[in-house]
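Have a look at the structure below before the remarks.
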Amino acid sequence: MLMYVVRRLLQAVPVVIGTTFLIYFMVFAMPGDPILAMFGDKTPNQATYDALAAQYHLDQPFLVQYGLYMKDLFSGNLGTTFSGQSVGEVLARTFPVTLKLAAMAIALEFSLAVILGLFAGLRKGKLFDNVTLVIGLVMLSVPIFVLGFLAQYFVAIKWGWASPTVGSDTSIANMWLPAVVLALSLFTTSMRLMRGTVIDTRSRDFVRTAYAKGLPGRRVIPVHVLRNSLIPVVTNSAANFGVLMVGATVTEGIFNVPGVGNTLYQAIIRGEGPTVVSFVTVMVLAYVVINILVDLLYAVLDPRIRYA
Amino acid sequence: MKISKSVLGAAAVASASALVLVGCSSNGAETDSSAAADGGSTGDAIIKTNGSEPQNPLIPVATNETGGGKIIDALFAGLVYYDATGAAHNEVAESIETEDSQTFTVKLKDGWTFTDGTPVQAHNFVDAWNWGADLANSETALNSYFFEQIDGFSWDESVPEMSGLEVIDDLTFTITLAAPNAEFPLSLGYSAFYPLPDSFFEDPDAFGAAPVGNGIYTLADAADWQHDVQIDLSINDSYAGEREVQNDGLSIIFYASQDAAYADLLANNVDVIDGIPDSAMASYESDLGDRAVNQPAAIFQSFTIPQELEHFSGEEGKLRRAAISMAINREEITDVIFQGTRTPASDFTSPVIDGWSDSLAGAEVLEYNPEEAAKLWAEADEISPWEGTFEIGYNSDGGHQTWVEAVTNSIKNTLGIDATGNAYATFADFRTDITNRTIGTAFRTGWQADYPSLENFLGPIYYTGAGSNDGDYSSEAFDTLIDEGRTSLDPAEAAAKFQEAQEVLFEDLPAIPLWYSNVTGGYAETVDNVQFDWHSVPLFYEITKQ
């Protein structure tokens, strides 16, 4: 088990190096000069321009820039933003917010998917199954910014049930609306997976055996059917969690959540290479760790899965 | 093992329902408390407004964008301040006197202090300006170009102390300019000219995170600045100026989008916003009623046709430029596309500037006149026949696409030539091609004044070799008139010279004026006395909260 974890973590090393290089290259290759953009319609004097270019190593060739950046990275220095804050601090500030939002959204998504999927599977072809299918498809096909704006307008502004934006108060009470929006946009796939597996599991021999032993449905369904149907749903929800950790940029923008997606978007627009790469590096690590945790969770759900 | 498995599912369900319950109950509590605050008499009249995270340290001379500028202007008081109409009034200055528009003697009022208790003296201004102008600090001092008029300023070497600044005594100093400029005192209210306390020079980096000012508001604690979220400013009790503050503080909330700020305004979560999102342009005046704000701003929009662009130089160029200008139906475009949130241009400056006029000689070239446009274009064709496409470059990340298409359609239909927009993905990309002179088409340009002066709209853009002269325009007549205006001792005469200089521009049309941007904004039912000043920022200190 421990060996397995160590092996998985070692596999992450080339992934991290490869992604930082690629991202750094892409930011570098992005057209346009970030220093000129800092001055708007006014052109900076050459002396000012040169001083800024030297400060951010923008006057160096790409490989030198990348080398300097990686050197800093390995000495624990993630660099500074154009406004002079350390990227480490920015990450420390934005990551917990995004983590919280993602956790809330996934908890909701998972619960919705499992509960609705289970009942849809048990009542295959009945009214409940069809209604959840239609609702799910609508949620899946409506773009998230439409869902976000509608929720903001009706739930927050018209009915006053929630705050239209999150801002400084990132408590659960203040972030439930964006979390619900994210959950609604994501739950359909997990729900349909759940439904399919429940149908499949119910026809398996061990379920028939359980009923034959005289066990009541209230015991067979949660213990034998539900538990054995969870694996694909867990996988899908965990993958969604990874995606959300990387920042739900659109939703964070609509609800003004001071999270990773929002900050990363601004950094990309400003062409802040070090900020973008540091964020992406941490995100890749987070994604890898989440995936390892998910794989370990399988063993809990299914004793037949063993890691050597 | 078995227990943990069944717990897993139960925990998920329980936590999900807990989330929902917590969400409902504490939201209810929140509504109650805010209702209490509205009716209460706690004296906590904190004005909440929109803004964005400063992109530079909070040092006046380092701040060249509006997010930081709004905060800096609240934290500092300069020699002069501008009222709602753009007129300058002495603030820290007792008097600013000159006999030749080149050497200015500044006397300060006694009794001003910074929030750290140190007095505001002549050396605080002189040291601050010297630091900002010093080439050694140019990576921080992005606005150092404001000092380039002062004698002794250099772009080539580090000059720790400019020869043009001299401290006479604690409350007096003199400024000597390299060349006379009658409008120089007008610029002294701009943030680059704010004073700095002695503590700044010991550690500029620390200062940038926790600035110490002398303005109406103060950052009481560095922790009140929650990066990327909001900044809370309290009242500065030691402020010694004449602007009377009507509230108990200012919270600037950083929004990622105007849409989010507007949503908060509709829910009375923010008191004043100075930008309406495109999505609400059609509805905000009915949403807000008389709480909607829509007035011209000190922002001039145009597109520049580079001087060396083929077919656009010499006599042929003048004809073609005039033809293109007359082929644009500004009235219709501002009405239909901008829903009246732009005002058609009638000169090269802005209506909010003292001395602005909409009836300069030659201004009729800005009126839509398809017959005359077609005639002039035909005349130009006789000099050298037109071929190809007329293109206007723009950055597609700034909401410019619709009007560029409307303008090029207007040109296409009137002159019967091909005209299209040329989109750049990012602003950075766009500016790079302009700065390198590789753009090869006409391009969108805009100018926001730093201080309320006619000259500020003209000299920096059209003077030969000026920093933002992106079209490389050069006219001896124009340069002479600007020089004469700058050296004139009489403000009225100076204004007349600048207007004459504009008449030269109407002849040559180095840029085609389009419209003035309006400031669009609004305020919530919770506040009164909201007035936007000449550079489109609400006068926060005047706002009262119910």
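In what follows, chains carry the letters A, B, and so on, assigned in the order in which the sequence lines appear, proteins first and then strands, with residues in each chain numbered from 1.
- For the residue pair B/Thr304 / B/Thr445, a side-chain donor-acceptor distance below 3.5 Å is found, with atom types taken as modelled.
- Judged purely by atom type and a 3.5 angstrom limit, A/Glu252 uses its side chain to pair as donor or acceptor with the backbone of A/Gly261.
- Contacts of A/Val90 with chain B are made by side-chain atoms alone, with heavy-atom separations under 4.5 Å and no backbone atom involved.
- Applying side chain to side chain donor-acceptor pair (under 3.5 Å) to B/Ser251 and the options B/Asp232, B/Thr49, B/Asp271 leaves one that passes, B/Asp232.
- The two residues A/Pro164 and B/Ala267 make their nearest non-hydrogen contact at CG-CB, 3.4 Å.
- With a threshold of 4.5 angstrom between heavy atoms, B/Gln226 approaches chain A through side-chain atoms but not through N, CA, C or O.
- With a 4.5 angstrom heavy-atom cutoff, B/Phe254 touches chain A only via backbone atoms.
- A/Tyr49 does not touch chain B: none of its heavy atoms, backbone or side chain, sits under 4.5 Å away.
- For B/Leu142, the parts lying under 4.5 angstrom from a heavy atom of chain A are both the backbone and the side chain.
- When each of A/Arg93, A/Met175, A/Glu89 is checked for heavy-atom pairs under 4.5 Å with chain B, A/Arg93 comes out on top.
- Interface remark: of the candidates B/Leu266, B/Ile461, B/Asp264, B/Asp264 forms the most heavy-atom pairs closer than 4.5 Å to chain A.
- Of the possible donor and acceptor atoms, none in the side chain of A/Asn174 sits under 3.5 Å from a partner among the backbone N and O of A/Thr170.
- Each of B/Asn469, B/Val270, B/Thr435 has some count of heavy-atom pairs under 4.5 Å with chain A, and the biggest count is that of B/Thr435.
- Between B/Tyr190 and B/Phe146, the distance from one ring center to the other falls under 6.0 angstrom.
- Interface check for chain A: of the options B/Ala260, B/Ala62, B/Ala141, B/Ala136, the most heavy-atom pairs under 4.5 Å are formed by B/Ala260.
- Of the two parts of B/Asn269, only the side chain, counted from C-beta on, holds a non-hydrogen atom closer than 4.5 Å to a non-hydrogen atom of chain A.
- Within the 3.5 Å criterion, the main-chain N or O of B/Ala261 finds no donor-acceptor partner in the side chain of B/Gln258.
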